[in-house]
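Contents: one structure, followed by commentary.
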Amino acid sequence: MVKQEIQLDVNGKSYSISVFPQETLLEVLRENLGLIGTKEGCSEGECGVCTVLLDGLPVRSCLLLAVDVRGGKITTIEGLSEKGVLHPIQKAFIEHGAIQCGFCTPGMILSAKALLDGNPFPSEEEIRIGLSGNLCRCTGYIKIFKAVQGAAL
Amino acid sequence: MDYQYIGKSIPKVDSAQKATGTAQYINDLSFPNMLWGKVLRSIYPHAEIVHIDKSKAERLPGVKAIITAQDIPDGLYGPFIKDEPVLARGKVRYIGEPVAAVAAIDRETAEEAIQLVEVEYDELPSVFDPLEAMKSDAPLIHEDLSSYFCIFPAVQEGNVCSRTTFVEGDIQQGFKEAGLIVEETFRTHMQHQSYMEPSGAIALIDPSGKIIIHSSTQGIFITQSRVSESLKIPMSKIRVIAPNVGGGFGGKIETNVQPICVALAQKTGLPIKVVLTREEEFTAGRPRHPTTIWGKLGLKKDGTFVAKEMINIFDTGAYSDDGPGVTGFGSLMARGPYRIPNLKIVGNCVYTNKVKSGAFRGFGNPQTGFASESLIDMAAKELNMDPLDLRLKNALVPGDHSVGKQTIHSVGIMECLKKAAEALEWKQKKGKCRGRGIAAVNHISGLLTVSAFVRINEDGTISLHVGTMDIGQGSDTILTQIVAEELGVPLEDINLISRDTDAAPYTWATSASRLTYTGGNAVRLATIDAREQLLELASKQLDENKDDLMIQNKKIFVKWDPEKGLTFHQLGAISCWVKGGPIVGKSSFMVETPPFDRSGFSGFPFGTMTGYIFAAQAVEVEVDVETGKVKMIQCASAHDVGHAIHPQNVEGQIEGGFVQGLGYALTEEIVFDGGKVINPSFADYKIPMAMDIPPITPIIVEAYDETGPYGAKGLGEPGLVGVAPAIANAIYDAIGVRIKDLPITPEKVLDAIKGKKVTIPWTDIWKKNF
Ligand code: FES
Ligand code: FES
């Protein structure tokens, strides 16, 4: 198999990377770009810990081929804080105790960001729907809902 | 008492790195020349290994090593009974058992290589149901059971690897005095921990020959000792370091891939990474024991409990792992938080040809608790009593005894029951097809050991060395709060050194809800020791009486003359460079008192336990009688934690535990076809999602415990324990049908509504005189 050269825009920086056609976006982010904040929990599109934003919408990076997202704008958890200043959603997660083991957190925060970008004042029901693709086994979700509500305020 | 840090919900010390994605977990680490390891697993539940042919796999480019049992030492390992080899030796005992392992240049090559290893098997008869496995003619899964090393005097017979019995009072007499006897058989199922981070490890060998293991674990010292015993490597040659751990819930206490990883590193001399796939997690992890439980409760006509008998059959799968402990502890807790003078509880831990079960939040208590708390509601119905009142009538009060006759002083169960019920407006009228149910829980949080050093650095900052693992439950924050409280220093001055066997003193694992109570005690005592040494040094330097000194803002000074004093910085420097020697406070804490009266115990695999904790879960449900679907309307979970050191964290544990309990009660189940798991993915194994979460009220009850740090006790596990029985009881309250086997699926509810009898296999086992 031959590698292809692709352009990726990740967190506002543009990269040109050579990838195999079967390589997933998750693999490229973690292994080629060293962006380990995006996690791998199942590789089958079922847990959501690999969630990143593609043109502002949450996607499961384990299901997408890197070659298919050429030209798209990707945001990972590393792209959220600016110059060490945390994004309000990150702050809210910390403040509300919405983080336990933290493995679901990057994906959860990105799903929350997509939700709040499109709907700045979501109801609790809308928050649940917005986060329905992200599993968390530690928190029971309640403090996560509160954090998202808190970030919206 | 006024505290500066205790009782305050400060931001957790590790939250910022987790929120920014900089926290590193096992799969985020890599080393130069690192290889990927992959495990070849058995496809038979019970079979002799006739021959293994590695040649084809060895010829695949990129393959660096292939190992089988022949290539590694023949050590057996396990926490209670040393019965498990690293790679199957002679025969396999479950589908998924490691048979060979490959190291290759990347993940894909390793995966391809294991497909090329050819194993010839000769199938043996297998047994999957523990009741069948207990029959005298069942195939023996471990022929050499009696020769295995056990860490306790195990009672064994056939496929029963451990039988624990508790007897108190006179059980026959007790039942004679009973005006009502309820009796039933219950079944519980296999649940997976389903932490979001799959298990994994990296092993490498440093230039001195020391083996370094980066391990996703709940206990660095457990990884160290299991690798040592299985591969016969001295512990002094093994260093275990843990990165952040993405959840454990008991499943990562014992080792999984670590010994295999080490064996591959030894063979190749290169760093090896093995991370399980989600499918391997489901098929070859260590889920919660399925059980079959027969219980009988005797009561006086006024509701007073007089006798209880229970036979618990825990299906431990192919290896004992934590099974003897789970069986023993689940059986110890089976009395519940009640006074019952006459008692006989027998727990059997039974081998079958399925994946081994192990530790999982609750440790046997959710299974026996489901049976016990269901029985109580059945009795309440017969007596026409409110189930809450029946519980309150029999609930423990301070000064009552544990099984094993320890006096328990800190007992908040009454308050938990009352508050959980109140939160649901227990006595109010309910809507159609709605019902309320409650369950009471007892557990422990004092077990085994934690040691800690508190060091005052030259600049007056603090190093806390303690081998505890924060797997998300928050112990790093709690233990840091304790040091800050005792020394009056800000949190950022404390360097917590906890995840390295070469840097932290021995600590048993993150388990048994024990780090606040057991770990908190150790850290508090070590900090007090360091503080006293600081005061001692200051008193000498200032030539003042120690009692006349006080500590504030990192300074020790004379109470009535704040100008006369020395800063921590000065004292740290003096101790290191001038006088007295470096200050190291130390504690080696072991839970030794109060001991159990063991006269009625047999085969119980633990020493003493303490730090009793209590909880009550209450739920309101609505049952759709057309579909059998159970809708959670509202829930409350009240926990006696002694004293909440970090209330927000306590709530987090209550909520997380409750939701994991919801999954256990309603949707999660590892399903087998024979010995094969048929739903090894999150698509088919349903853990609760954001859409499924009902309103849950967490309630903190504080029955101060004099033996805990600042009165605190633990809470990690009980949040899950009472959920399933509370729901089963609520369903009964709603529509008058009792569900006796978990999980409570719509099909089971419908079947029960239709009056279909649940066929729980009833063998002569219950009549057997254990
Ligand atoms: S890793 Fe689980 S959805 Fe992508
Ligand atoms: S915090 Fe552990 S999975 Fe969400």
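In what follows, chains carry the letters A, B, and so on, assigned in the order in which the sequence lines appear, proteins first and then strands, with residues in each chain numbered from 1.
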**OP:** Report the C-alpha separation of A/Lys143 and B/Glu651 in whole Å, then their side-chain angles, then the decisive distance to 0.1 Å, and conclude whether the salt bridge (Lys or Arg N to Asp or Glu O under 4.0 Å) test is met.
**Re:** CA-CA 9 Å; A/Lys143 299 218 178 301; B/Glu651 286 177 10; 2.7 Å; yes
Subject >> From CA spacing to verdict: side chain to side chain contact (heavy atoms under 4.5 Å, CB included), B/Phe249, A/Cys138 >> reply: CA-CA 9 Å; B/Phe249 312 108; A/Cys138 299; 3.7 Å; yes
Original post:
Please walk me through it: do B/Ile696 and A/Ile142 pass side chain to side chain contact (heavy atoms under 4.5 Å, CB included)?
Top reply: CA-CA 8 Å; B/Ile696 301 168; A/Ile142 294 167; 3.6 Å; yes
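Here the straight-line distance linking atom NZ of B/Lys18 with atom CZ of A/Phe93 works out to 13.5 Å at 0.5 Å rounding. Taking SG from A/Cys42 and CD from B/Glu281, the interatomic distance works out to 12.0 Å, rounded to the nearest 0.5 Å.
Heavy-atom distances place both the backbone and the side chain of A/Glu40 under 4.5 Å from chain B. For a residue to count as touching a neighbouring chain, one of its non-hydrogen atoms must lie under 4.5 Å from one of that chain's; by this rule A/Leu131 touches chain B with backbone and side chain alike. Residue contact with chain B, scored on non-hydrogen atoms closer than 4.5 Å, involves the side chain of A/Ile109 exclusively. Neither the backbone nor the side chain of A/Gln22 has a heavy atom closer than 4.5 Å to any heavy atom of chain B. Of the two parts of A/Leu35, neither the backbone nor the side chain holds a non-hydrogen atom closer than 4.5 Å to a non-hydrogen atom of chain B. Using a 4.5 Å cut-off between heavy atoms, B/Glu280 does not touch chain A at all.
In plain terms, the two heavy atoms of A/Pro106 and B/Gly21 that are nearest each other are CG-CA, 4.4 Å. Nearest approach of A/Glu46 to B/Phe682, heavy atoms of both residues: OE1-N, 3.2 Å. Residues A/Gly41 and B/Pro198 share a closest heavy-atom pair of O-CG, 3.7 Å. When all heavy atoms are compared, the tightest approach of B/Gly247 to A/Cys101 is N-CB, 3.3 Å. The shortest heavy-atom contact between B/Ser681 and A/Glu44 is CB-OE1, 4.0 Å.
With a 4.5 Å cut-off on side-chain heavy atoms, B/Gln660 and A/Arg137 count as touching. With a 4.5 Å cut-off on side-chain heavy atoms, A/Phe103 and B/Tyr25 count as touching. Between A/Phe145 and B/Ile693 the shortest side-chain heavy-atom distance falls below 4.5 Å. The closest side-chain heavy-atom distance from B/Glu655 to A/Thr139 is not below 4.5 Å. Side-chain atoms of B/Thr20 and A/Ile77, non-hydrogen and from C-beta on, never get closer than 4.5 Å to each other. Between A/Ser43 and B/Arg278, the closest side-chain pair of non-hydrogen atoms is not below 4.5 Å. A 4.5 Å side-chain heavy-atom check between B/Lys12 and A/Gln100 finds at least one atom pair inside the cut-off. Side-chain contact check for B/Pro11 versus A/Ile94: some heavy-atom pair is nearer than 4.5 Å.
Using non-hydrogen atoms only and a strict 4.5 Å limit, no part of residues 10-21 of chain A faces chain B.
A donor-acceptor pair under 3.5 Å is formed between the side chain of A/Gln90 and the backbone N or O of B/Ala19.
A salt bridge links A/Arg30 with B/Asp28: the closest approach of a Lys/Arg side-chain nitrogen to an acidic carboxylate oxygen falls below 4.0 angstrom.
Counting heavy-atom pairs closer than 4.5 Å to chain A, the top residue among B/Gln17, B/His646, B/Gln24, B/Gln193 is B/Gln193.
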